[in-house]
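First up is the structure itself, then whatever we jot down about it.
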2 protein chains.
Amino acid sequence: MAEIIVVNVVASASIGKELMLQDIAFQLEGAEYDQDRFPGLIYKLAEPKTAVLIFRSGKVVCTGARSIPDVHVAINKVVDELRVLDMPVKDEPDIVIQNIVATTNLESTLNLIQIAMSLGFENVEYEPEAFPGLVYRMDDPKVVLLLFGSGKMVCVGAREVNNIKDAVRNIKEELSTAGLMRT
Amino acid sequence: MAEIIVVNVVASASIGKELMLQDIAFQLEGAEYDQDRFPGLIYKLAEPKTAVLIFRSGKVVCTGARSIPDVHVAINKVVDELRVLDMPVKDEPDIVIQNIVATTNLESTLNLIQIAMSLGFENVEYEPEAFPGLVYRMDDPKVVLLLFGSGKMVCVGAREVNNIKDAVRNIKEELSTAGLMRT
DNA sequence: TTTCTTTTAAAAAGGGTATTTAAACCTTTA
DNA sequence: TAAAGGTTTAAATACCCTTTTTAAAAGAAA
(Lines give C-alpha, C1' and ligand atoms only; values in the text may rest on other atoms or scores of the structure.)
Protein backbone atom coordinates (compact mmCIF):
# COMPACT_ATOMS: atom_id res chain seq x y z
CA MET A 1 0.00 0.00 0.00
CA ALA A 2 1.40 3.37 -1.02
CA GLU A 3 2.40 5.47 1.90
CA ILE A 4 0.41 8.45 3.09
CA ILE A 5 2.50 11.60 3.20
CA VAL A 6 1.41 14.45 5.45
CA VAL A 7 2.40 17.63 3.64
CA ASN A 8 0.81 20.30 5.79
CA VAL A 9 -0.61 20.61 9.29
CA VAL A 10 -2.56 23.67 10.41
CA ALA A 11 -3.09 24.30 14.11
CA SER A 12 -4.36 27.06 16.33
CA ALA A 13 -3.40 27.85 19.91
CA SER A 14 -3.84 30.40 22.63
CA ILE A 15 -0.42 31.45 23.84
CA GLY A 16 -1.35 34.26 26.16
CA LYS A 17 -3.20 37.48 26.68
CA GLU A 18 -3.36 40.69 24.71
CA LEU A 19 -0.24 41.06 22.59
CA MET A 20 1.13 44.33 21.26
CA LEU A 21 1.71 43.28 17.66
CA GLN A 22 3.25 46.63 16.79
CA ASP A 23 5.97 46.09 19.40
CA ILE A 24 6.52 42.48 18.35
CA ALA A 25 6.78 43.52 14.71
CA PHE A 26 9.46 45.99 15.67
CA GLN A 27 11.48 43.62 17.84
CA LEU A 28 11.00 40.27 16.11
CA GLU A 29 13.41 39.88 13.21
CA GLY A 30 11.61 38.95 10.01
CA ALA A 31 8.11 39.57 11.30
CA GLU A 32 5.67 40.91 8.70
CA TYR A 33 2.83 43.07 9.95
CA ASP A 34 0.51 45.15 7.83
CA GLN A 35 -2.76 45.86 9.60
CA ASP A 36 -4.44 47.03 6.42
CA ARG A 37 -3.75 43.75 4.71
CA PHE A 38 -4.35 41.32 7.53
CA PRO A 39 -4.93 41.67 11.29
CA GLY A 40 -2.35 39.05 12.20
CA LEU A 41 1.43 39.35 12.33
CA ILE A 42 3.16 36.82 10.09
CA TYR A 43 6.29 35.15 11.36
CA LYS A 44 8.05 32.51 9.30
CA LEU A 45 10.31 29.94 10.91
CA ALA A 46 13.06 28.19 9.00
CA GLU A 47 13.07 25.08 11.20
CA PRO A 48 10.51 23.59 11.29
CA LYS A 49 9.66 25.37 8.06
CA THR A 50 6.36 26.96 9.03
CA ALA A 51 4.51 30.26 9.07
CA VAL A 52 3.00 31.33 12.36
CA LEU A 53 0.30 33.97 12.43
CA ILE A 54 0.20 35.89 15.70
CA PHE A 55 -2.90 37.82 16.73
CA ARG A 56 -3.56 40.67 19.11
CA SER A 57 -5.77 38.35 21.17
CA GLY A 58 -2.85 36.11 22.06
CA LYS A 59 -4.00 33.38 19.70
CA VAL A 60 -1.78 32.01 16.97
CA VAL A 61 -2.12 29.83 13.90
CA CYS A 62 0.68 27.60 12.68
CA THR A 63 0.71 26.48 9.06
CA GLY A 64 3.05 24.49 6.90
CA ALA A 65 4.26 21.94 9.45
CA ARG A 66 5.06 18.50 8.07
CA SER A 67 4.01 16.70 11.24
CA ILE A 68 2.12 17.24 14.46
CA PRO A 69 5.32 17.20 16.58
CA ASP A 70 6.64 19.96 14.31
CA VAL A 71 3.59 22.07 15.10
CA HIS A 72 4.46 21.90 18.77
CA VAL A 73 8.11 22.66 18.14
CA ALA A 74 7.22 25.66 15.99
CA ILE A 75 4.70 27.16 18.38
CA ASN A 76 6.98 26.63 21.35
CA LYS A 77 9.79 28.38 19.51
CA VAL A 78 7.56 31.38 18.89
CA VAL A 79 6.41 31.40 22.51
CA ASP A 80 10.02 31.29 23.68
CA GLU A 81 11.00 34.14 21.42
CA LEU A 82 8.08 36.24 22.65
CA ARG A 83 9.00 35.45 26.24
CA VAL A 84 12.50 36.77 25.61
CA LEU A 85 10.86 39.99 24.43
CA ASP A 86 8.96 40.11 27.74
CA MET A 87 5.61 39.56 26.11
CA PRO A 88 2.91 37.94 28.30
CA VAL A 89 2.93 34.30 27.17
CA LYS A 90 1.84 31.01 28.71
CA ASP A 91 4.17 28.17 29.66
CA GLU A 92 2.08 25.51 27.94
CA PRO A 93 0.04 26.76 24.98
CA ASP A 94 -3.09 24.72 24.29
CA ILE A 95 -2.59 23.57 20.73
CA VAL A 96 -5.47 22.30 18.59
CA ILE A 97 -4.82 20.57 15.27
CA GLN A 98 -7.30 22.04 12.81
CA ASN A 99 -6.43 20.57 9.45
CA ILE A 100 -4.06 17.92 8.15
CA VAL A 101 -3.30 17.77 4.44
CA ALA A 102 -1.83 14.61 2.97
CA THR A 103 -1.15 13.01 -0.36
CA THR A 104 -0.88 9.42 -1.46
CA ASN A 105 -0.88 7.42 -4.66
CA LEU A 106 -3.75 5.07 -5.41
CA GLU A 107 -1.43 3.31 -7.87
CA SER A 108 -3.87 3.16 -10.75
CA THR A 109 -4.72 5.68 -13.40
CA LEU A 110 -8.25 6.93 -12.81
CA ASN A 111 -11.12 7.67 -15.17
CA LEU A 112 -12.44 10.72 -13.37
CA ILE A 113 -15.60 10.99 -15.43
CA GLN A 114 -16.65 7.47 -14.56
CA ILE A 115 -15.70 8.05 -10.94
CA ALA A 116 -17.80 11.21 -10.84
CA MET A 117 -20.84 9.25 -11.98
CA SER A 118 -20.12 6.39 -9.63
CA LEU A 119 -19.62 8.49 -6.49
CA GLY A 120 -22.74 10.50 -7.18
CA PHE A 121 -22.82 14.07 -8.39
CA GLU A 122 -24.16 15.33 -5.06
CA ASN A 123 -20.79 14.74 -3.43
CA VAL A 124 -18.59 15.33 -6.44
CA GLU A 125 -17.37 18.34 -8.36
CA TYR A 126 -15.41 17.73 -11.52
CA GLU A 127 -14.73 20.46 -14.01
CA PRO A 128 -11.54 19.52 -15.86
CA GLU A 129 -11.51 22.77 -17.78
CA ALA A 130 -11.27 24.66 -14.49
CA PHE A 131 -9.20 22.26 -12.39
CA PRO A 132 -7.81 18.84 -13.31
CA GLY A 133 -8.74 17.23 -10.02
CA LEU A 134 -12.04 15.66 -9.05
CA VAL A 135 -13.32 16.99 -5.72
CA TYR A 136 -15.02 14.41 -3.54
CA ARG A 137 -16.58 15.36 -0.22
CA MET A 138 -16.56 12.26 1.96
CA ASP A 139 -19.04 12.18 4.84
CA ASP A 140 -17.20 9.84 7.18
CA PRO A 141 -14.53 10.79 7.89
CA LYS A 142 -15.56 14.33 6.97
CA VAL A 143 -12.72 15.20 4.61
CA VAL A 144 -12.38 16.33 1.03
CA LEU A 145 -10.42 14.28 -1.47
CA LEU A 146 -8.92 15.60 -4.68
CA LEU A 147 -8.49 12.75 -7.14
CA PHE A 148 -6.32 13.03 -10.24
CA GLY A 149 -6.15 11.01 -13.41
CA SER A 150 -2.64 9.92 -12.49
CA GLY A 151 -3.93 8.08 -9.46
CA LYS A 152 -2.42 10.54 -7.05
CA MET A 153 -4.73 12.17 -4.53
CA VAL A 154 -4.80 14.85 -1.90
CA CYS A 155 -6.82 14.65 1.31
CA VAL A 156 -7.66 17.85 3.15
CA GLY A 157 -9.71 18.71 6.20
CA ALA A 158 -8.64 15.83 8.43
CA ARG A 159 -8.39 16.52 12.16
CA GLU A 160 -6.22 13.52 12.89
CA VAL A 161 -3.99 11.18 10.92
CA ASN A 162 -6.41 8.29 11.35
CA ASN A 163 -9.02 10.27 9.41
CA ILE A 164 -6.70 10.20 6.44
CA LYS A 165 -6.08 6.47 6.73
CA ASP A 166 -9.79 5.80 6.92
CA ALA A 167 -10.49 8.10 3.99
CA VAL A 168 -7.89 6.40 1.81
CA ARG A 169 -9.20 2.98 2.80
CA ASN A 170 -12.75 4.06 2.00
CA ILE A 171 -12.04 5.57 -1.39
CA LYS A 172 -9.99 2.55 -2.42
CA GLU A 173 -12.85 0.28 -1.40
CA GLU A 174 -15.41 2.40 -3.22
CA LEU A 175 -13.40 2.57 -6.41
CA SER A 176 -12.46 -1.08 -6.37
CA THR A 177 -16.04 -2.17 -5.75
CA ALA A 178 -17.14 -0.03 -8.68
CA GLY A 179 -14.42 -1.54 -10.79
CA LEU A 180 -12.84 1.84 -11.34
CA MET A 181 -9.37 0.90 -10.15
CA ARG A 182 -6.85 -1.53 -11.48
CA THR A 183 -6.73 -4.05 -8.70
CA MET B 1 -36.17 68.52 32.79
CA ALA B 2 -36.46 67.88 29.05
CA GLU B 3 -37.91 64.51 28.25
CA ILE B 4 -35.85 61.63 26.98
CA ILE B 5 -37.20 60.27 23.72
CA VAL B 6 -36.33 56.72 22.70
CA VAL B 7 -36.03 56.78 18.91
CA ASN B 8 -34.70 53.33 18.17
CA VAL B 9 -34.43 49.96 19.91
CA VAL B 10 -32.37 47.13 18.49
CA ALA B 11 -32.89 43.59 19.74
CA SER B 12 -31.85 40.10 18.81
CA ALA B 13 -33.67 36.84 19.38
CA SER B 14 -33.59 33.17 18.55
CA ILE B 15 -36.92 32.21 17.06
CA GLY B 16 -36.20 28.67 15.97
CA LYS B 17 -33.97 26.30 14.15
CA GLU B 18 -32.53 26.33 10.65
CA LEU B 19 -34.70 28.45 8.38
CA MET B 20 -34.89 28.15 4.63
CA LEU B 21 -34.56 31.81 3.74
CA GLN B 22 -35.05 31.12 0.06
CA ASP B 23 -38.48 29.65 0.77
CA ILE B 24 -39.41 32.45 3.15
CA ALA B 25 -38.31 35.04 0.60
CA PHE B 26 -40.60 33.44 -1.92
CA GLN B 27 -43.62 33.16 0.33
CA LEU B 28 -43.34 36.22 2.55
CA GLU B 29 -44.77 39.28 0.83
CA GLY B 30 -42.31 42.17 0.82
CA ALA B 31 -39.31 40.16 2.01
CA GLU B 32 -35.98 41.27 0.54
CA TYR B 33 -33.31 38.63 0.20
CA ASP B 34 -30.10 38.97 -1.76
CA GLN B 35 -27.45 36.54 -0.54
CA ASP B 36 -24.71 38.36 -2.41
CA ARG B 37 -25.46 41.60 -0.62
CA PHE B 38 -26.27 40.38 2.87
CA PRO B 39 -26.81 36.93 4.43
CA GLY B 40 -29.98 37.93 6.22
CA LEU B 41 -33.49 38.27 4.83
CA ILE B 42 -34.90 41.74 5.40
CA TYR B 43 -38.54 42.06 6.34
CA LYS B 44 -40.06 45.43 7.06
CA LEU B 45 -43.17 45.76 9.20
CA ALA B 46 -45.48 48.73 8.93
CA GLU B 47 -46.82 48.44 12.48
CA PRO B 48 -44.79 48.68 14.60
CA LYS B 49 -42.60 50.37 11.97
CA THR B 50 -39.53 48.17 12.16
CA ALA B 51 -37.15 46.16 10.05
CA VAL B 52 -36.57 42.57 11.07
CA LEU B 53 -33.53 40.71 9.78
CA ILE B 54 -34.05 36.97 9.62
CA PHE B 55 -31.09 34.62 9.43
CA ARG B 56 -30.62 31.05 8.29
CA SER B 57 -29.69 30.11 11.86
CA GLY B 58 -33.13 30.95 13.16
CA LYS B 59 -31.90 34.14 14.83
CA VAL B 60 -33.41 37.51 14.07
CA VAL B 61 -32.58 41.15 14.68
CA CYS B 62 -35.27 43.79 15.11
CA THR B 63 -34.38 47.42 14.46
CA GLY B 64 -36.28 50.66 14.42
CA ALA B 65 -38.72 50.01 17.25
CA ARG B 66 -39.73 53.08 19.25
CA SER B 67 -40.12 51.13 22.49
CA ILE B 68 -39.30 47.81 24.07
CA PRO B 69 -42.92 46.58 23.96
CA ASP B 70 -42.88 47.33 20.23
CA VAL B 71 -39.86 45.05 19.81
CA HIS B 72 -41.87 42.18 21.26
CA VAL B 73 -44.89 42.97 19.14
CA ALA B 74 -42.77 43.11 15.99
CA ILE B 75 -40.87 39.89 16.61
CA ASN B 76 -44.02 38.04 17.58
CA LYS B 77 -45.69 39.20 14.39
CA VAL B 78 -42.82 37.81 12.35
CA VAL B 79 -42.87 34.55 14.28
CA ASP B 80 -46.61 34.22 13.69
CA GLU B 81 -46.21 34.86 9.98
CA LEU B 82 -43.48 32.26 9.74
CA ARG B 83 -45.59 29.77 11.64
CA VAL B 84 -48.37 30.24 9.10
CA LEU B 85 -45.84 29.33 6.44
CA ASP B 86 -45.06 26.14 8.41
CA MET B 87 -41.57 27.25 9.26
CA PRO B 88 -40.07 25.74 12.44
CA VAL B 89 -40.47 28.54 15.00
CA LYS B 90 -40.61 28.69 18.80
CA ASP B 91 -43.65 29.71 20.81
CA GLU B 92 -41.75 32.17 22.99
CA PRO B 93 -38.67 33.69 21.33
CA ASP B 94 -36.00 34.77 23.80
CA ILE B 95 -35.60 38.46 23.05
CA VAL B 96 -32.53 40.41 24.16
CA ILE B 97 -32.45 44.19 23.96
CA GLN B 98 -29.09 45.08 22.49
CA ASN B 99 -29.12 48.82 21.96
CA ILE B 100 -31.43 51.69 22.82
CA VAL B 101 -30.97 55.02 21.07
CA ALA B 102 -32.49 58.15 22.55
CA THR B 103 -32.37 61.90 22.19
CA THR B 104 -32.99 64.72 24.60
CA ASN B 105 -32.34 68.42 24.85
CA LEU B 106 -29.90 69.75 27.43
CA GLU B 107 -31.61 73.13 27.01
CA SER B 108 -28.45 75.18 26.70
CA THR B 109 -26.28 75.95 23.72
CA LEU B 110 -22.97 74.17 24.14
CA ASN B 111 -19.41 75.25 23.41
CA LEU B 112 -18.17 71.91 22.14
CA ILE B 113 -14.50 72.94 22.04
CA GLN B 114 -14.52 73.84 25.71
CA ILE B 115 -16.46 70.67 26.51
CA ALA B 116 -13.92 68.58 24.63
CA MET B 117 -11.12 70.00 26.78
CA SER B 118 -13.13 69.66 29.96
CA LEU B 119 -14.20 66.04 29.43
CA GLY B 120 -10.68 64.98 28.50
CA PHE B 121 -9.50 64.14 25.03
CA GLU B 122 -9.11 60.46 25.88
CA ASN B 123 -12.89 60.02 25.97
CA VAL B 124 -13.80 62.64 23.41
CA GLU B 125 -13.70 62.91 19.65
CA TYR B 126 -14.60 66.22 18.09
CA GLU B 127 -13.87 67.02 14.49
CA PRO B 128 -16.43 69.61 13.41
CA GLU B 129 -15.19 69.55 9.83
CA ALA B 130 -16.08 65.85 9.64
CA PHE B 131 -19.15 65.69 11.86
CA PRO B 132 -20.83 68.49 13.83
CA GLY B 133 -21.36 66.42 16.94
CA LEU B 134 -18.93 65.83 19.79
CA VAL B 135 -18.59 62.13 20.58
CA TYR B 136 -18.23 61.34 24.26
CA ARG B 137 -17.67 57.79 25.46
CA MET B 138 -19.01 57.55 28.99
CA ASP B 139 -17.67 54.76 31.17
CA ASP B 140 -20.60 54.32 33.53
CA PRO B 141 -23.12 53.72 32.16
CA LYS B 142 -21.16 52.48 29.15
CA VAL B 143 -22.84 54.54 26.44
CA VAL B 144 -21.77 57.00 23.80
CA LEU B 145 -23.18 60.50 23.74
CA LEU B 146 -23.26 62.76 20.72
CA LEU B 147 -23.42 66.38 21.86
CA PHE B 148 -24.37 69.20 19.53
CA GLY B 149 -23.89 72.94 19.75
CA SER B 150 -27.65 73.38 19.91
CA GLY B 151 -27.82 71.57 23.20
CA LYS B 152 -29.51 68.54 21.71
CA MET B 153 -27.85 65.18 22.25
CA VAL B 154 -28.13 61.57 21.21
CA CYS B 155 -27.34 58.63 23.47
CA VAL B 156 -26.50 55.29 21.89
CA GLY B 157 -25.42 51.92 23.20
CA ALA B 158 -27.72 51.72 26.23
CA ARG B 159 -28.99 48.28 27.21
CA GLU B 160 -31.85 49.60 29.30
CA VAL B 161 -33.75 52.84 29.63
CA ASN B 162 -32.23 53.54 33.04
CA ASN B 163 -28.80 53.69 31.41
CA ILE B 164 -30.00 56.65 29.39
CA LYS B 165 -31.43 58.43 32.39
CA ASP B 166 -28.17 57.94 34.28
CA ALA B 167 -26.12 59.09 31.32
CA VAL B 168 -28.17 62.26 30.90
CA ARG B 169 -27.96 62.97 34.63
CA ASN B 170 -24.20 62.44 34.55
CA ILE B 171 -23.46 64.63 31.55
CA LYS B 172 -25.62 67.42 32.93
CA GLU B 173 -23.77 67.23 36.23
CA GLU B 174 -20.37 67.19 34.53
CA LEU B 175 -21.16 70.13 32.30
CA SER B 176 -22.78 72.16 35.05
CA THR B 177 -19.88 71.58 37.43
CA ALA B 178 -17.47 72.72 34.74
CA GLY B 179 -19.63 75.75 34.13
CA LEU B 180 -20.23 74.75 30.54
CA MET B 181 -24.01 74.86 30.68
CA ARG B 182 -26.41 77.68 31.27
CA THR B 183 -27.90 76.65 34.59
C1' DT C 1 11.37 26.71 -19.11
C1' DT C 2 9.71 28.70 -15.26
C1' DT C 3 5.99 30.83 -12.91
C1' DC C 4 1.21 31.54 -11.96
C1' DT C 5 -3.58 30.34 -11.86
C1' DT C 6 -7.13 26.93 -10.80
C1' DT C 7 -9.15 23.73 -6.21
C1' DT C 8 -9.61 22.10 -1.20
C1' DA C 9 -9.53 22.46 4.16
C1' DA C 10 -8.65 25.07 8.57
C1' DA C 11 -7.85 28.75 12.17
C1' DA C 12 -7.04 33.58 13.47
C1' DA C 13 -9.46 38.82 13.51
C1' DG C 14 -10.54 42.93 11.13
C1' DG C 15 -13.13 45.19 7.29
C1' DG C 16 -17.17 45.33 4.32
C1' DT C 17 -22.17 44.03 3.32
C1' DA C 18 -27.35 45.48 5.54
C1' DT C 19 -30.85 47.49 9.19
C1' DT C 20 -32.43 51.43 12.30
C1' DT C 21 -32.30 56.17 14.57
C1' DA C 22 -31.42 60.97 16.17
C1' DA C 23 -28.42 65.06 16.11
C1' DA C 24 -26.46 69.11 12.41
C1' DC C 25 -23.28 70.34 9.09
C1' DC C 26 -21.50 69.88 4.26
C1' DT C 27 -21.96 68.65 -0.58
C1' DT C 28 -24.45 67.17 -4.49
C1' DT C 29 -28.40 67.07 -7.31
C1' DA C 30 -32.40 68.44 -9.58
C1' DT D 1 -32.87 76.75 -3.43
C1' DA D 2 -34.96 72.99 -1.57
C1' DA D 3 -34.35 68.36 -1.10
C1' DA D 4 -31.53 64.54 -0.85
C1' DG D 5 -27.48 62.14 0.60
C1' DG D 6 -23.00 61.73 3.04
C1' DT D 7 -20.68 62.45 7.74
C1' DT D 8 -20.84 59.71 13.28
C1' DT D 9 -22.38 56.37 17.07
C1' DA D 10 -24.14 51.68 19.13
C1' DA D 11 -25.81 46.85 18.62
C1' DA D 12 -26.97 42.11 17.00
C1' DT D 13 -27.10 38.96 12.77
C1' DA D 14 -23.82 36.21 9.35
C1' DC D 15 -21.53 35.89 5.16
C1' DC D 16 -17.58 37.55 2.04
C1' DC D 17 -12.74 38.99 1.80
C1' DT D 18 -7.92 39.46 3.52
C1' DT D 19 -3.34 35.99 4.81
C1' DT D 20 -0.66 31.56 5.56
C1' DT D 21 0.42 26.60 4.15
C1' DT D 22 0.37 22.31 1.07
C1' DA D 23 -0.12 18.70 -2.58
C1' DA D 24 -2.12 17.25 -6.99
C1' DA D 25 -2.01 18.55 -12.73
C1' DA D 26 -3.63 21.22 -16.58
C1' DG D 27 -3.53 25.44 -19.01
C1' DA D 28 -1.83 30.07 -19.64
C1' DA D 29 1.33 33.61 -19.33
C1' DA D 30 5.87 35.38 -19.05
Side-chain angles (χ1 to χ4, degrees), chain A residues 5-13 32 34-40 42 44 49-57 59-66 96-103 125 127-133 135 137 143-150 152-159, chain B residues 5-13 32 34-40 42 44 49-57 59-66 96-103 125 127-133 135 137 143-150 152-159:
Chain A
I5 303 171
V6 171
V7 295
N8 179 28
V9 179
V10 179
S12 61
E32 299 167 41
D34 180 352
Q35 290 168 274
D36 299 324
R37 278 184 82 209
F38 189 66
I42 301 163
K44 299 182 181 180
K49 184 174 173 300
T50 51
V52 177
L53 312 182
I54 305 173
F55 298 89
R56 185 189 50 72
S57 64
K59 290 184 177 178
V60 303
V61 170
C62 176
T63 68
R66 288 274 167 178
V96 178
I97 302 301
Q98 302 285 0
N99 179 23
I100 302 175
V101 181
T103 63
E125 282 175 47
E127 297 180 61
E129 61 290 345
F131 185 66
V135 179
R137 287 164 206 284
V143 298
V144 172
L145 303 184
L146 306 183
L147 302 180
F148 298 86
S150 65
K152 288 188 179 176
M153 59 161 272
V154 176
C155 174
V156 305
R159 288 261 171 184
Chain B
I5 304 169
V6 170
V7 295
N8 179 27
V9 178
V10 179
S12 60
E32 299 167 41
D34 181 352
Q35 290 169 274
D36 299 324
R37 276 184 83 209
F38 189 66
I42 301 162
K44 299 183 182 181
K49 185 176 172 299
T50 51
V52 177
L53 312 182
I54 305 174
F55 299 88
R56 186 191 49 73
S57 64
K59 291 185 178 178
V60 304
V61 170
C62 175
T63 68
R66 288 275 167 179
V96 179
I97 301 302
Q98 302 285 0
N99 179 23
I100 301 175
V101 180
T103 63
E125 281 176 47
E127 296 180 62
E129 61 290 346
F131 185 67
V135 179
R137 286 163 206 287
V143 298
V144 172
L145 304 184
L146 306 182
L147 303 179
F148 298 86
S150 65
K152 289 188 178 177
M153 60 161 271
V154 176
C155 174
V156 304
R159 288 264 171 183

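Below, read A as the first sequence line, B as the second, and so on, with proteins coming before strands; counting in each chain starts at 1.
Rounded to whole angstrom, the span from the CE atom of Met153(A) across to the C1' atom of dA24(D) amounts to 10 Å. In this structure, Glu127(B) places its CD atom 15 Å from P of dC26(C), rounding to the nearest Å. The nearest whole Å value for the distance from the CG atom in Leu147(B) to the C1' atom in dT9(D) is 12 Å. Atom C1' of nucleotide dA12(C) and atom NZ of Lys59(A) are separated by 8 Å, given to the nearest angstrom. To the nearest angstrom, P of dA14(D) lies 18 Å from CG of Asp36(B). In this entry the distance linking CZ of Phe131(B) with C1' of dT9(D) reads 8 Å, nearest Å. Distance CG (Leu53(B)) to C1' (dC15(D)): 13 Å, rounded to an integer number of Å. For the pair Gln35(B) CD and dT13(D) C1', the interatomic distance rounds to 15 Å; values are reported in whole Å.
Residue Val7(A) is classed as a sugar-phosphate contact, given heavy-atom separations below 4.0 Å to backbone atoms only. Residue contacts for Glu125(A): at a heavy-atom cut-off of 4.0 Å it reaches the sugar-phosphate backbone alone, with no base atom in range.
Considering only side-chain atoms of Ile42(B), the nucleotide from dT20(C), dT18(D), dA18(C) that sits closest is dA18(C). The side chain of Pro132(B) lies closest to dA24(C), out of dA24(C), dT20(C), dA25(D). Across dA10(D), dT20(D), dT13(D), the shortest atom-to-atom separation from the side chain of Ala51(A) is found for dT20(D). In the set dT9(D), dA22(C), dT22(D), the nucleotide with an atom closest to the side chain of Val101(B) is dA22(C). Set against dT13(D), dA12(D), dT19(C), the side chain of Phe55(B) has dT13(D) as its closest nucleotide. In this structure, the nucleotide among dT18(D), dT20(C), dT20(D) sitting nearest to the side chain of Lys44(A) is dT20(D). Checking dT22(D), dA23(C), dA10(D) against every side-chain atom of Asn99(B), the shortest atom distance belongs to dA10(D). Picking from dA13(C), dT22(D), dA25(D) the nucleotide with the shortest atom distance to the side chain of Phe148(A) gives dA25(D). Closest to the Val144(B) side chain, of the nucleotides dT7(D), dT20(C), dA10(D), is dA10(D). Distances from the side chain of Val154(A) to the nucleotides dA24(D), dA12(C), dT9(D) place dA24(D) closest.
By the 5.5 Å and 30° criteria, Phe38(B) is stacked with the base of dA18(C).
For the residue pair Gly157(B) and Val143(B), the shortest heavy atom distance occurs at C-CG1, 4.2 Å. Of all heavy-atom pairs spanning Phe148(B) and Val154(B), the tightest one is CE1-CG2, 4.1 Å. In terms of heavy atoms, Gly64(B) sits closest to Thr50(B) at C-CG2, 4.0 Å. Closest heavy-atom contact between Asn99(A) and Val156(A): OD1-C, 3.9 Å.
Listed pair Ser57(A) / dA13(C) meets the phosphate criterion, a side-chain N or O lying under 4.0 Å from OP1 or OP2. The phosphate of dA24(C) (OP1 or OP2) has a side-chain N or O of Ser150(B) nearer than 4.0 angstrom. Contact between the side-chain N/O atoms of Arg56(A) and the OP1/OP2 oxygens of dA13(C) is not found at any separation under 4.0 Å. Phosphate contact (OP1/OP2 of dA23(D), side-chain N/O of Arg66(A), threshold under 4.0 Å): present. Arg159(B) has no side-chain polar atom (N or O) that falls below the 4.0 Å cut-off from OP1 or OP2 of dA11(D). Under 4.0 angstrom from either OP1 or OP2 of dT17(C) there lies no side-chain N or O belonging to Arg37(B). Residue Lys49(A) places no side-chain N or O under 4.0 Å from the OP1 or OP2 atom of dT21(D).
Side-chain contact check for Val61(A) versus Lys59(A): every heavy-atom pair is 4.5 Å or farther apart. Taking the side chain as every heavy atom from C-beta outward, Arg66(A) and Val7(A) approach each other to under 4.5 Å. Within the 4.5 Å cutoff, the side chain of Gln98(B) has heavy atoms near those of the Val96(B) side chain.
Between Thr103(B) and Thr63(A), the residue anchored closer to the 5' end of DNA chain C is Thr63(A), taking for each the nucleotide with the nearest heavy atom. DNA chain C is contacted by both Ser12(A) and Val135(A); Val135(A) maps to the nucleotide lying nearer its 5′ end (nearest heavy atom per residue).
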